[in-house]
Number of protein chains: 2
Amino acid sequence: MKVHFLHKPDIKNLENFIKKHASDSIIILLSRCSVIYDGRAKSTLNEGDRVVMIKPDGSLLIHKNKKREPVNWQPPGSSIFYKVENKNFIIKSIRKKPREVLEIIAHKIYHACAFRCEDYEELNLTGSEEEMADMIFKNPKLIEEGFSPLSKEYQIPTGIIDILGKDKNNNWVILELKRRRADLQSVSQLKRYVEYFKNKYGEKRVRGILVAPSLTTGALNLLKSENLEFKKINPPKKDQTLSKKLSKKYNTINKTAILDEWL
Amino acid sequence: MKVHFLHKPDIKNLENFIKKHASDSIIILLSRCSVIYDGRAKSTLNEGDRVVMIKPDGSLLIHKNKKREPVNWQPPGSSIFYKVENKNFIIKSIRKKPREVLEIIAHKIYHACAFRCEDYEELNLTGSEEEMADMIFKNPKLIEEGFSPLSKEYQIPTGIIDILGKDKNNNWVILELKRRRADLQSVSQLKRYVEYFKNKYGEKRVRGILVAPSLTTGALNLLKSENLEFKKINPPKKDQTLSKKLSKKYNTINKTAILDEWL
DNA sequence: TGCTGGATATCGGGA
DNA sequence: TCCCGATGTCCAGCA
């Protein structure tokens with residue numbers, strides 16, 4: 001059985017339900033609850049309806065009816081404790097380092113599910129900064145004619161340079177890559193690396209280039225005033241399909257047709 | 001009725017179920033699905049068991065059985081479409097700006113819930129950077145004797161200064177606050193602000209102080225070499241309780257006793 | 001709407 | 001473990 005559930009459970013049944021399933025299933029509780037958190041910060045949340053999700057890896061999420069972010073949470077590795085007290089179902093999650101304690105006082109449980117979630121597939125993502133770096137390494141003249149990349153992820157005391165290389169005049173070139181619009185922090189980062197290299201090799205032999213699809217106005221101004229450069233490059237997106245097994249299974253789905261119908 | 005649910009629903013029933021509830025309820029689907037995303041980046045996720053959560057504000061989350069983060073998602077404001085095709089239930093979420101499209105191909109739906117989630121309470125959080133700023137404004141000698149804060153969130157072309165003030169010798173003092181261990185980026189940020197002020201008011205009349213509970217080694221080295229300063233301060237945590245109504249309702253719960261029992 | 005920086009950020013990689 | 005930076009970061013506040 002993939003899914004077990006209790007509708008409007010008796011609180012004693014709920015306790016057994018969680019005891020039975022929490023180790024290998026995602027537990028979802030539709031509940032009316034209050035929440036107390038104390039750790040890196042500290043918070044309270046008064047009584048309201050929320051979705052509580054507890055994963056077998058110790059992650060815990062409490063979701064309101066809005067936003068992408070959980071209102072309270074614990075990261076993987078946290079330990080779960082629970083008990084019944086005064087007709088409330090109380091869940092406590094403890095993270096050891098840093099020490100953080102989260103307590104859910106569930107006044108009502110409307111519905112509980114346990115989902116034995118079998119998943120052997122990982123996300124295949126394309127369009128990352130790393131892929132920009134690979135592309136530039138394979139095709140350095142995307143930056144400029146005569147550019148030679150020498151090192152990726154080159155470590156210096158003030159950080160990690162995305163790509164270090166030399167230009168056709170043998171100047172050092174430091175690239176800072178951003179997959180999205182670059183901002184002031186991106187420029188600061190590049191400047192920090194360039195300054196270290198200038199201290200080491202002399203003012204006139206080090207160039208810094210910010211590589212990104214675009215720049216904020218503030219970033220552009222700072223870049224200019226610091227004599228740093230900008231090269232517009234978009235992160236590459238590889239072609240992707242779902243696995244063959246899948247395409248076969250559902251080969252009558254015509255994605256273009258779906259799109260036409262919807263858009 | 002707070003909660004409606006379908007166990008092993010017929011796909012046609014599911015369609016009606018979602019049509020009926022999606023506008024005012026959180027929809028949770030325990031499903032076996034594949035996911036395609038294309039937007040700022042692009043991804044595929046092959047068939048596996050996942051929890052899908054759709055909120056009335058358009059947020060959409062797809063959770064695997066591990067980690068705090070959803071494997072795929074859409075932020076609030078996205079539009080949901082759905083339909084049945086080849087015995088699959090297909091959900092499409094479209095975000096307009098930036099344009100991002102997410103498609104869930106649900107091969108099986110094990111269980112579906114709709115939760116009319118009524119929640120009028122907001123999170124009360126303490127221990128933020130903003131509260132550090134308030135504390136320093138009220139009690140400036142936490143920084144040093146004779147420090148006078150003049151402005152909070154002071155905007156300059158290269159960013160926003162947390163606290164701008166003067167010391168007892170009438171030097172400008174720029175504070176950069178961090179609620180947690182400060183790193184290289186924190187130092188760069190402070191340095192960026194200090195450099196703007198030095199250009200404006202002269203080298204010797206501007207000090208920069210990083211205010212945080214601690215520093216990484218790299219941050220400390222950079223701070224020293226740039227003649228910036230460090231002041232160790234922890235973010236304050238206010239006393240908090242759940243609302244009176246609540247404490248009254250559950251006044252027999254003794255939190256200390258709970259802690260003793262558990263820890 | 002764009003810009004800026006905080007966040008209980010989370011997460012992964014490297015030393 | 002600490003350090004460092006990416007993230008489809010999300011999100012609020014402000015000009």
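Naming convention: chains lettered A, B, ... in sequence-line order (proteins, then strands); numbering from 1 in each chain.
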Inset, instruction - Give one of base, sugar-phosphate or nothing for B:Leu102, where a contact means two heavy atoms less than 4.0 Å apart. - result: base
Inset, instruction - Provide, to the nearest angstrom, the distance between the CG atom belonging to A:Asp57 and the P atom belonging to C:dC11. - result: 8 Å
Inset, instruction - Using heavy atoms and a sub-4.0 Å distance, could you list which residues of residues 182-201 of chain B are near DNA chain C? By number, please. - result: B:Gln189, B:Arg192, B:Tyr193
Inset, instruction - Under the ring pair (Phe, Tyr, Trp, His ring centres under 6.0 Å) rule, collect the residues that match up with A:Tyr201, sequence neighbours excluded. - result: A:Trp172, A:Phe197
Legend entry - Separation between the C1' atoms of C:dG5 and D:dT7, rounded to whole Å: 15 Å
Inset, instruction - Write out all pairs satisfying side chain to side chain donor-acceptor pair (under 3.5 Å) with one or both partners inside residues 210-230 of chain A, taking only residues at least two apart or from two chains. - result: A:Arg181-A:Ser214, A:Arg207-A:Glu229
Inset, instruction - Pick base, sugar-phosphate or nothing for B:Glu129, based on heavy-atom distances below 4.0 Å to the nucleic acid. - result: sugar-phosphate
Legend entry - Contacts of type ring pair (Phe, Tyr, Trp, His ring centres under 6.0 Å), residue A:Phe115, not counting sequence neighbours: B:Tyr110
Legend entry - Donor-acceptor contact present, side-chain B:Ser151 to main-chain B:Leu164, <3.5 Å: no
Legend entry - Residue met sooner reading DNA chain C from 5', once B:Arg179 and B:Gly159 are mapped to nucleotides: B:Gly159
Inset, instruction - Can you sort out the partners of B:Trp73 under ring pair (Phe, Tyr, Trp, His ring centres under 6.0 Å), two or more places apart, ordered by chain and number? - result: none
Inset, instruction - Would you check if the side chain of A:Asp57 reaches a backbone N or O of B:Lys66 as a donor-acceptor pair within less than 3.5 Å? - result: no
Inset, instruction - Take atom CD of B:Glu130 and atom P of C:dT8, then tell me their distance rounded to the nearest Å. - result: 12 Å
Inset, instruction - Taking salt bridge (charged side-chain N to carboxylate O under 4.0 Å, His left out) as the test, write out the residues that go with B:Glu69, two or more places apart. - result: A:Arg68
Inset, instruction - Could you tell me whether A:Pro76 contacts a base, only the sugar-phosphate backbone, or nothing, with contacts defined as non-hydrogen atoms closer than 4.0 Å? - result: sugar-phosphate
Inset, instruction - Identify whether any heavy atom of A:Lys97 sits under 4.0 Å from a base atom; if not, whether one sits that close to sugar-phosphate; answer base, sugar-phosphate or nothing. - result: sugar-phosphate
Inset, instruction - Report the distance from atom CG of B:Leu175 to atom P of C:dG5, rounded to the nearest whole Å. - result: 16 Å
Legend entry - Length of the NZ-P vector between B:Lys178 and C:dT8, whole Å: 13 Å
Inset, instruction - For B:Ser128, enumerate each residue passing the side chain to side chain contact (heavy atoms under 4.5 Å, CB included) test, keeping only those at least two apart in sequence or located in another chain. - result: B:Leu125, B:Glu130, B:Glu131
Inset, instruction - Assign each of A:Thr158 and B:Asn72 to its nearest nucleotide of DNA chain D by heavy atoms, then name whichever residue's nucleotide is nearer the 5' end. - result: A:Thr158
Atom pairs, N/O to N/O, protein against nucleotides 12-15 of chain C, distance under 3.5 Å?
residue: C:dG12; atom: OP2; partner: B:Lys67; partner atom: NZ; Å: 3.1

Inset, instruction - Provide, to the nearest angstrom, the distance between the CG atom belonging to B:Asp162 and the C1' atom belonging to C:dA7. - result: 14 Å
Inset, instruction - Look at the side-chain N and O atoms of A:Arg181 and state whether any lies under 4.0 Å from the OP1 or OP2 oxygen of C:dC3. - result: yes
Inset, instruction - Could you state the atom-to-atom distance from CD of B:Glu176 to P of C:dG5 in whole Å? - result: 8 Å
Inset, instruction - Name the residue closer to the 5' end of DNA chain C, choosing between A:Leu215 and A:Ala41 according to the nucleotide with the nearest heavy atom. - result: A:Leu215
Inset, instruction - Go through the structure and list residues passing salt bridge (charged side-chain N to carboxylate O under 4.0 Å, His left out) with A:Lys42, not counting sequence neighbours. - result: none
Inset, instruction - Scan B:Pro70 against the nucleic acid and name what it touches under 4.0 Å (heavy atoms): base, sugar-phosphate only, or nothing. - result: nothing
Legend entry - Test salt bridge (charged side-chain N to carboxylate O under 4.0 Å, His left out) applied to B:Lys237 - qualifying residues, sequence neighbours left out: A:Asp38
Inset, instruction - In whole angstrom, give the distance that lies between atom OH of B:Tyr154 and atom C1' of C:dG5. - result: 18 Å
Inset, instruction - Considering only atom P, compute the distance from C:dT4 to D:dG8 and round it to an integer number of Å. - result: 22 Å
Legend entry - Under 3.5 Å: donor-acceptor pair, side chain of A:Lys55, backbone of B:Lys67: yes
Legend entry - Which atom of B:Asp24 lies closest to which atom of B:Pro56, heavy atoms considered: C-CG, 4.0 Å
Legend entry - P gap between C:dG6 and D:dA6, integer Å: 16 Å
Legend entry - 5' to 3' contact window, DNA chain D with chain B (heavy-atom distance under 4.0 Å): D:dC3 to D:dA15
Legend entry - Separation of atom CZ in A:Arg95 from atom C1' in C:dA9, rounded to whole Å: 10 Å
Inset, instruction - Please work out if B:Ser43 contacts a base, only the sugar-phosphate, or nothing of the nucleic acid, heavy-atom cut-off 4.0 Å. - result: nothing
Legend entry - Short side-chain N/O contact from B:Arg68 to OP1 or OP2 of C:dT8, under 4.0 Å: no
Inset, instruction - Please tell me which of A:Glu69 and B:Ala219 maps to the more 5' nucleotide of DNA chain D, matching each residue to the nucleotide holding its nearest heavy atom. - result: B:Ala219
Legend entry - Partner residues of B:Tyr154 under the ring pair (Phe, Tyr, Trp, His ring centres under 6.0 Å) criterion, sequence neighbours left out: none
